[in-house]
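See below for the structure under consideration.
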2 protein chains.
Amino acid sequence: MLKQKITLKHIAKELDVSISTVSKALKNSEEISRDTKEKIQAFAKLYNYKPNNIAISLKNKRTKNIGVIIPDIVHHFFTTVIRGIENYANAKGYNVIVCLSDESFDKEVINMEMLANGSIDGFIMSLSAGTEKKKDFNHLKEVTEQGIPMVLFDRVTSEINCDKVLIDDIQGAYVATKKLLDEGRRKIALLTTEDFFSVSMNRNKGYKKALKDFGLEVNPDLVLKLPFMDIDEAKIEDFLNQIEPDAILSVNEIFGIYGMRVVQRKGLNVPKDISIIGFTDGLLAKHANPSITSVAQHGELMGETAAKMLIEKVESENEEETYRTEILQPTLIERESTLNQV
Amino acid sequence: MLKQKITLKHIAKELDVSISTVSKALKNSEEISRDTKEKIQAFAKLYNYKPNNIAISLKNKRTKNIGVIIPDIVHHFFTTVIRGIENYANAKGYNVIVCLSDESFDKEVINMEMLANGSIDGFIMSLSAGTEKKKDFNHLKEVTEQGIPMVLFDRVTSEINCDKVLIDDIQGAYVATKKLLDEGRRKIALLTTEDFFSVSMNRNKGYKKALKDFGLEVNPDLVLKLPFMDIDEAKIEDFLNQIEPDAILSVNEIFGIYGMRVVQRKGLNVPKDISIIGFTDGLLAKHANPSITSVAQHGELMGETAAKMLIEKVESENEEETYRTEILQPTLIERESTLNQV
DNA sequence: TATCAACACGAAACCGTTTTCGTCTTTTTT
DNA sequence: AAAAAAGACGAAAACGGTTTCGTGTTGATA
């Protein structure tokens, strides 16, 4: 019933020529005569011959696959990055193998090992929370030492020498905070995560810098650090009830949504009584009511950039070890949760 | 600088034995003596030997990769399905290669061809809008005829004989509509997509069936068909202004969000004045204000089921062509956008 | 001591390509 | 007409493993 996949060997036997001749004929080699080429090509087309990718990979030591390891896929930002990677990679003839670390160090290691044994030509990845917490980067080190190209994005580490692409988180938080200050807000709450996330740390920095530049003291009471999973809405509520801020800056999308819910329940009007800005310009921010002003991280561009950097490395002949760090500029998308500038 | 990947050949040469001996020793074969095995295993561990996946794939004609082709990744439902697939597949030692068709027939074909030449052991896919519109399934037919296992999920077609997993969309819409009727709603607007989507058609059926079972006439004026991309909010607004429904059923998440926005802007209270139920229990519905009652499609379970069915086929010896269609039951998640049942 | 297992290992085929290097015709050159 | 040069093709190695089937050495058996 099933049409067996046809190989060079089959064609060779059927047409009574050698395998080498078939291979060359299909590549239109000058070595083979017109007649023979036409005969072979016609036969191949008829039987829908397609070379076996695995065999080619083995021969060329090139798989045309790129491995992507991300902490989570149910997260709009990562999802847009993947789309960017796919866009660029597919256009260049590469497949994308996606692995989820699920924020776990162990899964990240396992996934890397699965892929590092020939399955892929290079890695694009963002560190799991577990890895950032543990600060153990040996699996990355091993891979890069084997000469497998790697691009780190968003959640990166300075411990590893490789290409990186990230957004200017300090600047993003700075601009957002400044926007709130310019509106006249003075009591700006910061909803952030625990310290080990490189991105959160930078966003905290930007927040503080803006306050200082504005001549304001940084009040640690205005900062709430939340675990990134299993958000405790009551905790947010207590916090906001206690400090009664006139603005909220959130280092991600979801904390901002929760914050808005809490203050709306209290009867406050957003943005009249309180302004809200979140990081990550995702669907939640866009479709919330009121829609939330956000710092866009340009995930798709990030993905494309990462893929471009990786494929350049993969396809470059020279082994020179020079690594670039591309820093993307964030954009503040103004929506309904902040006061309109005039 | 870079540690070259070590192969059986290297070990063999270094330890002055044959490649076969090394291979057997590393598989703990009884053929090889204790001493030799220990020596070889120690050496392999020391130099961190890992077999090359590509070579093994070529030999075994098994890649341990499964190909997933979906229309869009920036879509919570597909994202949860991928997570489910990853979960199951990874546990079974499989990698997941994700390709995006971007709702385009051509891209779907290209992606399938890229993967069908040895890169994967089987496909899991959901049809692109382009394919459903064009009703051309030859690329699927070719692949299945080659004996490559395939599982279709959510957006399926009866034209192809293969395993399928979908949710009972008729039932989902039926239950949702019934819930609205039970609340006392009688003028239920349906926000749906153009007809060629198999899922939308079934949801429309469920909606109509519930109305009929309740003794109500189906009023075509209450149904708005929207293109699935580039949503025109003004169109929704006109529609809702004209018919002034007391409930809205949306075949997806986003139309529901838009609908709620429109009626809220009109000053209506959800759910006091109007109830809203949407399909696809995603983040938007969950975090909207009020949160939206939704028909959950259990994407993660769907992904796991699909992966399980596929891997069973891939690993089964017998070539019997029997195909199953697994139908998952949807669940109505009651939230704030509908009236509480007592 | 001749015979025969058991033991421990190696040679070689194979998976499906690509590619280098012959080799045998046929044609061109002198 | 002999030598050189194309022309057209095949053999074989290589990629990195697995596996079947020898084969040479031991020790036990008769």
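Order of the sequence lines fixes the chain letters, A, B, ..., with proteins taken first and strands second; residue numbering starts at 1 for each chain.
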Can you pull every protein N or O that's under 3.5 Å from an N or O on nucleotides 20-22 of chain C?
from: C/dT20; atom 1: O4; to: A/Lys24; atom 2: NZ; distance (Å): 3.3

Closest to the B/Lys61 side chain, choosing from C/dG10, C/dC15, C/dT17:
C/dC15
Does [N] have OP1 or OP2 under 4.0 Å away from a side-chain N or O of [X]?
{"X": "A/Tyr49", "N": "C/dG16", "result": "no"}
{"X": "B/Thr36", "N": "C/dC9", "result": "yes"}
{"X": "B/Ser18", "N": "C/dG10", "result": "yes"}
{"X": "A/Lys27", "N": "C/dT18", "result": "yes"}

Output the distance between atom CD1 (B/Ile70) and atom CZ (B/Phe153), rounded to the nearest 0.5 Å.
6.5 Å
Take atom [atom1] of [X] and atom [atom2] of [N], then tell me their distance rounded to the nearest Å.
{"X": "A/His10", "N": "C/dG16", "atom1": "NE2", "atom2": "P", "value": "7 Å"}
{"X": "A/Asn60", "N": "C/dG16", "atom1": "CG", "atom2": "C1'", "value": "12 Å"}
{"X": "B/Glu30", "N": "C/dA5", "atom1": "CD", "atom2": "C1'", "value": "17 Å"}
{"X": "A/Lys50", "N": "C/dG16", "atom1": "NZ", "atom2": "P", "value": "17 Å"}
{"X": "B/Asp16", "N": "C/dC9", "atom1": "CG", "atom2": "C1'", "value": "12 Å"}
{"X": "B/Leu8", "N": "C/dG10", "atom1": "CG", "atom2": "P", "value": "13 Å"}
{"X": "B/Lys59", "N": "C/dA12", "atom1": "NZ", "atom2": "P", "value": "17 Å"}
{"X": "A/Lys5", "N": "C/dC15", "atom1": "NZ", "atom2": "P", "value": "16 Å"}

Between B/Ile19 and B/Lys9, which is nearer to the 5' end of DNA chain D once each is assigned its nearest nucleotide?
B/Lys9
Tell me which one of [options] satisfies side chain to side chain contact (heavy atoms under 4.5 Å, CB included) with [X].
{"X": "A/Ile66", "options": "A/Leu310, A/Asn95, A/Ile120", "result": "A/Leu310"}
{"X": "B/Glu300", "options": "B/Thr79, B/Val81, B/Asn87", "result": "B/Asn87"}
{"X": "B/Leu166", "options": "B/Asp154, B/Val156, B/Thr305, B/Val199", "result": "B/Val156"}

Run the numbers on A/Val22 and A/Phe43 for side-chain contact (heavy atoms from CB on, under 4.5 Å), then give the verdict.
CA-CA 10 Å; A/Val22 178; A/Phe43 189 93; over 6 Å; no
Search all heavy atoms of A/Met309 against all heavy atoms of A/Lys164 and return the closest pair with its distance.
CE-O, 3.7 Å
Note: for B/Leu58 and B/Ser33 on DNA chain C, the residue whose nearest nucleotide lies more 5' is B/Ser33
Where each residue is assigned the nucleotide of DNA chain C containing its nearest heavy atom, which of B/Ala55 and B/Ile32 is assigned the position nearer the 5′ end?
B/Ile32
Checking side-chain contact (heavy atoms from CB on, under 4.5 Å) for the pair A/Phe123/A/Met112: CA distance, chi angles, key distance, verdict?
CA-CA 9 Å; A/Phe123 280 108; A/Met112 285 204 78; 3.7 Å; yes
Chain B reaches DNA chain D, atoms under 4.0 Å from its heavy atoms, from D/dC15 to D/dC21
Answer yes or no: does atom CZ of B/Phe196 have more than 12 heavy-atom neighbours from other residues, nucleotides or ligands under 6.0 Å?
yes
Over all strands shown, is B/Ser23 touching base, sugar-phosphate only, or nothing at heavy-atom distances under 4.0 angstrom?
base
Apply side-chain contact (heavy atoms from CB on, under 4.5 Å) to the pair A/Arg155 and A/Thr131, showing each step before the final yes or no.
CA-CA 10 Å; A/Arg155 303 209 206 141; A/Thr131 307; over 6 Å; no
Side-chain H-bond candidate by donor/acceptor type, B/Ser23 with B/Ser20, under 3.5 Å
no
